[in-house]
Amino acid sequence: MAQEMRSPIESGCPDAFQYMHPVMRKNYGQWAYHEDPQPGVLLHVSKNGDKIWTVRAGTQRILDVFTLRKLCDIGDEYGEGYIHFTIRSNIEYQVADEAKVEPLIKALTDAGFVVGGTRNSVAMLSHTQGWLHCDIPGTDASGVVKSMMDELIGEFKEWNMPNRVHMTTSCCQINCGGQGDIAINVQHTKPPKINHDLVSNVCERPSVVARCPVAAIRPALVNGKPSLEVDEKKCICCGACFPPCPPMQINDAEHSKLAIWVGGNHSNARGKPTFQKLVASGIPNNPPRWPEATAVVKKILKTYKEDAKDWERMNDWIERIGWPRFFEKTGLPFTKYHIDNWRGARASLNASTHIRF
Ligand code: SF4
Ligand code: SF4
């Protein structure tokens, strides 16, 4: 007898339509235009005249359950029971009745949340997984978001920037960090320190050797035990060997720094997508408030705000004025380390035939 087919196990994202506001579900793909009535509020109008208002409030992404419940209660009481989160960790409430917009904003503000992040504001800093979900972070991620956005709250609430500003933080420099108008990334500055007593118990040595992008790791016998060694002249301090082999400790309170990159843009709406470029490095990774990194970000934002023309994104502005003027205007020091002419690449880039996954 033919066996009945087992139904698939749902392990991906659930279907989003079931959670959508009915007006959004009904008009999916049928929107005529949208407007920005005030900071933090969007109005979408469909081709058949249906309207829906969205109120956006910032969060630092990793939320405790009490805050989440409070946000949901506000949605139930003042909204229409529908929320979603944006990729920049904002919570958004949808209401089909304009009269609910102001009471909803007041309820959020009274509860200590900040409404904004739309149009030409500084949107909420997006961040990677950080300590909670990942095994290799060199810094906290939510903490950087919270401390920087505390200082940029005025720019989140208003429309004062030439165009929108998207910022990202990444707690390592190799994996899930995003592109951004401004990106704050961890930067290791010295090779990993190996705890040889643990390597043979903890690490699968061939995978660690294969993981290194510049073939700087070799198997070695240390004190009669199988271990690894690093060719420090080749090592680019990327940290990729740490996840498969925690005894290759690279995080370091003094030598793990932050670097700031600018001008990244995924969008091809008005120009080609652009890569971000390094503009400040060796910044102390200084919890709990990261004042040095915040000062550099504020300096870049202030200069961009004063100097860019309306609608220029960070990359458009720098393209127009040129990199020398960018460094002059922001007052950031320009050093020889900002230039990579790839002449060293033959020796430092992938020189092995290992296949990596
Ligand atoms: S940026 Fe790196 S350390 Fe941070 S969550 Fe992503 S992979 Fe992990
Ligand atoms: S994986 Fe990165 S940090 Fe580890 S040895 Fe290779 S270059 Fe250095």
Side-chain angles (χ1 to χ4, degrees), residues 13-46 50-128 141-142 145-146 149-150 152-159 161 163-168 178 180-181 266-267 269:
C13 288
D15 176 13
F17 279 84
Q18 62 186 310
Y19 303 121
M20 269 189 203
H21 191 290
V23 174
M24 293 189 81
R25 206 159 42 212
K26 178 180 159 206
N27 293 291
Y28 187 79
Q30 297 301 320
W31 300 105
Y33 63 93
H34 82 269
E35 288 175 356
D36 300 89
Q38 58 175 295
V41 181
L42 304 166
L43 162 63
H44 284 83
V45 182
S46 89
D50 282 356
K51 292 181 176 178
I52 191 161
W53 285 262
T54 300
V55 175
R56 180 181 293 178
T59 81
Q60 71 274 28
R61 175 171 168 178
I62 293 175
L63 295 169
D64 59 281
V65 72
F66 304 104
T67 309
L68 262 178
R69 286 201 177 125
K70 197 189 288 180
L71 285 165
C72 291
D73 288 346
I74 291 174
D76 283 337
E77 191 176 346
Y78 296 92
E80 292 172 357
Y82 290 89
I83 59 162
H84 68 220
F85 281 88
T86 71
I87 52 166
R88 310 201 81 77
S89 322
N90 301 289
I91 187 167
E92 288 188 340
Y93 300 86
Q94 284 85 31
V95 288
D97 177 1
E98 189 178 6
K100 291 183 178 162
V101 170
E102 285 309 324
L104 179 55
I105 293 175
K106 184 169 181 316
L108 284 164
T109 314
D110 289 349
F113 299 103
V114 190
V115 173
T118 57
R119 223 174 69 156
N120 50 328
S121 62
V122 174
M124 185 55 63
L125 241 157
S126 69
H127 75 71
T128 48
S142 284
V145 171
K146 175 79 173 78
M149 289 312 290
D150 275 354
L152 298 171
I153 191 169
E155 300 299 355
F156 178 80
K157 290 198 289 190
E158 303 294 334
W159 288 337
M161 287 287 154
N163 200 335
R164 71 192 58 183
V165 180
H166 284 174
M167 299 202 290
T168 67
D181 293 296
H266 293 294
S267 161

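Remember, it's a predicted structure, so these values are computed and weren't measured experimentally.
Side-chain contact between His127 and Ile62 is present, with at least one heavy-atom pair separated by less than 4.5 Å. A heavy-atom distance below 4.5 Å is found between the side chains of Met149 and Met124. Within the 4.5 Å cutoff, the side chain of Phe113 has no heavy atoms near those of the Ile91 side chain. A heavy-atom distance below 4.5 Å is not found between the side chains of Ser126 and Ile87.
Side chain of Ser89 to backbone of Thr59: no donor-acceptor contact under 3.5 angstrom is found. Under the 3.5 Å distance criterion, the side-chain polar atoms of Arg61 are left unmatched by any main-chain donor or acceptor of Leu125. The backbone N or O of Gln30 lies less than 3.5 Å from no partner atom in the side chain of Asn27, so there is not a single donor-acceptor pair. Of the possible donor and acceptor atoms, none in the side chain of Arg88 sits under 3.5 Å from a partner among the backbone N and O of Ala123. With hydrogens and angles ignored, the 3.5 Å screen pairs no side-chain donor or acceptor of Glu155 with any backbone N or O of Leu152. Between the side chain of Thr118 and the backbone N or O of Gly40 there is at least one donor-acceptor pair closer than 3.5 Å.
Checking each of His44, Met24, Glu80 against Gln94 for a side chain to side chain contact (heavy atoms under 4.5 Å, CB included) leaves exactly one that passes, namely Met24.
The 12-atom threshold is not exceeded at NZ of Lys70, counting heavy atoms of other residues, nucleotides or ligands nearer than 6.0 Å. The local environment of CZ in Arg164 is sparse, with at most 12 non-hydrogen atoms from other residues, nucleotides or ligands closer than 6.0 Å. When the shell of 6.0 Å around CZ of Arg25 is examined, it contains more than 12 heavy atoms from other residues, nucleotides or ligands.
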Exercise. Start with the C-alpha gap between Val45 and Glu35, add the side-chain angles, then the distance that decides, and say whether side-chain contact (heavy atoms from CB on, under 4.5 Å) holds.
Key: CA-CA 8 Å; Val45 182; Glu35 288 175 356; 5.8 Å; no

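Side-chain contact, Thr86 with Asn90: a donor N or O sits under 3.5 Å from an acceptor N or O.
The shortest heavy-atom contact between Leu68 and Phe85 is CD2-CZ, 3.9 Å. When all heavy atoms are compared, the tightest approach of Met20 to Tyr82 is O-CE2, 3.2 Å. Heavy atoms only, all atoms of each residue included: Trp53 and Val41 are closest at CD1-CG1, 4.2 Å. Here the closest heavy-atom approach between residue Ser121 and residue Met161 is recorded as C-CG, 4.4 Å. Taking every heavy atom of both residues into account, Asp50 and Trp31 meet most closely at O-CZ3, 4.3 Å.
Going from atom CD1 of Ile83 over to atom OG1 of Thr54 covers 12.5 Å, rounded to the nearest 0.5 Å. In this structure, Leu63 CG and Leu71 CG are separated by 6.5 Å, a value rounded to the nearest 0.5 Å. In this structure, the separation between CD on Gln38 and CG on Asp36 is 10.5 Å, given to the nearest 0.5 Å.
Under the 6.0 Å cut-off for aromatic ring centres, Tyr78 and Tyr93 do not qualify, their centroids lying 6.0 Å or more apart.
Under a 4.0 Å N-O distance rule, the pair Asp73/Arg69 does not qualify as a salt bridge.
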